[in-house]
Amino acid sequence: MIFFVTVDQANAALPQYLYNIVLEVNNVEVTSDANPYIERATSTTYVPIRFISENLGETVSWNREKQEVTIRSGNGKIVRLTIGSRVAYVNDKEKIMPGAPVMPVSPNRVMVPLRFVSEVMGATVESTSKNETIYVNITKQ
């Protein structure tokens with residue numbers, strides 16, 4: 001007995017990349033070694049945590065054993081995020097993120113929700129869309 005299996009390409013796993021994404025910090029375009037992407041299920045833009053945090057002037061540390069990232073700001077704010085958990089701790093107060101941080105095998109970077117991390121660190125996020133490209137400007141005084 002022979003069985004044939006067909007896959008409907010339209011219903012195959014949806015790609016994470018919806019658009020080209022151009023990131024700016026204080027109106028200056030910045031690039032990362034890992035591409036930002038949009039998670040289709042939640043419409044959340046993900047960026048490498050070190051990339052976004054350091055461009056905002058923050059420091060980042062990684063605890064491999066706990067799978068936890070800590071962001072420390074110059075004004076004393078501490079944010080802890082754990083891979084796979086939507087719960088973030090901002091100065092030890094629990095906050096729920098729109099999506100959990102992930103660490104895909106490729107690009108082997110901790111990817112976090114852009115708007116959540118930026119805003120919790122005191123930045124403003126504005127985005128516009130033109131010709132299938134999303135332009136995101138993160139502003140921090």
Side-chain angles (χ1 to χ4, degrees), residues 2-141:
I2 299 174
F3 291 94
F4 291 97
V5 178
T6 60
V7 176
D8 180 359
Q9 293 296 326
N11 291 322
L14 297 174
Q16 292 176 324
Y17 301 94
L18 291 177
Y19 296 95
N20 295 319
I21 301 172
V22 176
L23 294 175
E24 296 179 341
V25 175
N26 295 326
N27 298 310
V28 176
E29 189 172 326
V30 292
T31 56
S32 170
D33 64 341
N35 290 330
Y37 64 88
I38 297 173
E39 180 60 52
R40 290 185 94 166
T42 61
S43 295
T44 301
T45 302
Y46 278 79
V47 295
I49 191 163
R50 188 170 302 276
F51 164 75
I52 194 62
S53 298
E54 290 178 354
N55 274 292
L56 292 173
E58 319 302 353
T59 59
V60 178
S61 60
W62 168 246
N63 183 320
R64 183 183 310 267
E65 183 176 299
K66 290 183 177 181
Q67 296 287 289
E68 181 179 87
V69 177
T70 302
I71 308 167
R72 295 178 191 277
S73 71
N75 66 6
K77 187 178 284 186
I78 298 172
V79 179
R80 291 182 297 120
L81 310 168
T82 304
I83 300 298
S85 174
R86 290 183 53 219
V87 177
Y89 294 93
V90 180
N91 290 338
D92 292 323
K93 291 184 181 173
E94 193 174 290
K95 304 267 186 184
I96 303 299
M97 295 181 286
V102 296
M103 189 171 180
V105 172
S106 177
N108 197 28
R109 301 281 186 274
V110 176
M111 306 293 282
V112 296
L114 168 68
R115 184 173 297 276
F116 177 85
V117 170
S118 299
E119 290 179 350
V120 82
M121 298 314 290
T124 302
V125 179
E126 296 177 2
S127 63
T128 57
S129 177
K130 184 178 179 181
N131 298 329
E132 294 189 18
T133 298
I134 294 180
Y135 297 88
V136 180
N137 186 39
I138 302 124
T139 307
K140 186 173 180 188
Q141 306 303 338

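Given the structure is predicted, the values throughout are model-derived calculations rather than measurements.
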For this session: Please lay out, stage by stage, how Val136 and Val125 fare under the test side-chain contact (heavy atoms from CB on, under 4.5 Å).
Result: CA-CA 7 Å; Val136 180; Val125 179; 3.8 Å; yes
For this session: For the residue pair Val112 and Met97, establish whether any side-chain heavy-atom pair is separated by less than 4.5 Å.
Result: no
Problem set entry | Beyond-backbone contact of Pro98 with Arg86, side-chain heavy atoms, under 4.5 angstrom | no
Exercise. Is the backbone of Glu65 close enough, under 3.5 Å, to the side chain of Asn63 for a donor and an acceptor to pair up by distance?
Worked result: yes
Exercise. Any side-chain donor-acceptor pair under 3.5 Å between Asn75 and Ser73?
Worked result: yes
Exercise. Can you find a heavy atom in the side chain of Leu81 that is under 4.5 Å from one in the side chain of Ile49?
Worked result: yes
For this session: Would you mind reporting whether Val117 and Val79 have side-chain heavy atoms less than 4.5 Å apart?
Result: no
Problem set entry | Min side-chain heavy-atom separation Leu23-Pro36 under 4.5 Å | yes
For this session: Would you give the length of the straight line joining atom CD1 of Ile96 to atom CD of Glu94, rounded to the nearest 0.5 angstrom?
Result: 5.0 Å
For this session: Kindly check if the number of other-residue, nucleotide or ligand heavy atoms within 6.0 Å of NZ (Lys77) is above 12?
Result: yes
Seminar exercise, completed: The reported gap from CZ in Arg40 to OG1 in Thr44 (rounded to nearest 0.5 angstrom) is 13.5 Å
Problem set entry | Listed partners of Lys140 passing salt bridge (Lys or Arg N to Asp or Glu O under 4.0 Å), at least two apart | Glu58
Exercise. Could you go step by step and tell me if Tyr135 and Lys130 meet the side-chain contact (heavy atoms from CB on, under 4.5 Å) rule?
Worked result: CA-CA 8 Å; Tyr135 297 88; Lys130 184 178 179 181; 4.2 Å; yes
Exercise. What are the two closest heavy atoms between Val69 and Val60, and how far apart are they?
Worked result: CG1-CG1, 3.6 Å
For this session: Answer yes or no: is there a side-chain heavy-atom contact under 4.5 Å between Met121 and Ser53?
Result: no
Exercise. Would you call Glu29 and Val22 a side-chain contact if the rule is heavy atoms closer than 4.5 Å?
Worked result: yes
Problem set entry | Expected output: side-chain Asn137 to main-chain Glu126 donor-acceptor under 3.5 Å | no
Exercise. Quick one: are Thr59 and Glu54 in side-chain contact, heavy atoms under 4.5 Å?
Worked result: no
For this session: Compare every heavy atom of Ala100 with every heavy atom of Gly84, then report the nearest pair and how far apart it is.
Result: C-CB, 3.5 Å
Exercise. So which heavy atom on Ser32 is nearest to which on Pro48, and how close?
Worked result: OG-CG, 3.3 Å
Problem set entry | Derivation and outcome, side-chain contact (heavy atoms from CB on, under 4.5 Å), residues Ile21 and Thr45 | CA-CA 9 Å; Ile21 301 172; Thr45 302; 4.1 Å; yes
Problem set entry | Under the salt bridge (Lys or Arg N to Asp or Glu O under 4.0 Å) test, residues paired with Arg80 that sit two or more places apart | Glu68, Asp92
Exercise. What pairs meet the ring pair (Phe, Tyr, Trp, His ring centres under 6.0 Å) rule with one or both residues in residues 38-90, with sequence neighbours excluded?
Worked result: Tyr37-Tyr46
Problem set entry | Thr82/Val87 under side-chain contact (heavy atoms from CB on, under 4.5 Å): CA gap, chis, key distance, verdict | CA-CA 8 Å; Thr82 304; Val87 177; over 6 Å; no
Exercise. Is there a donor-acceptor pair closer than 3.5 Å between any side-chain N or O of Gln67 and the backbone N or O of Arg64?
Worked result: yes
For this session: Could you grab the distance from atom CD1 of Ile52 to atom CE of Met111, nearest 0.5 Å is fine?
Result: 11.0 Å
Seminar exercise, completed: d(Ile138 CD1, Ser118 OG) to nearest 0.5 Å is 4.5 Å
Problem set entry | CZ-OG1 distance between Arg115 and Thr124, expressed to the nearest 0.5 angstrom | 9.5 Å
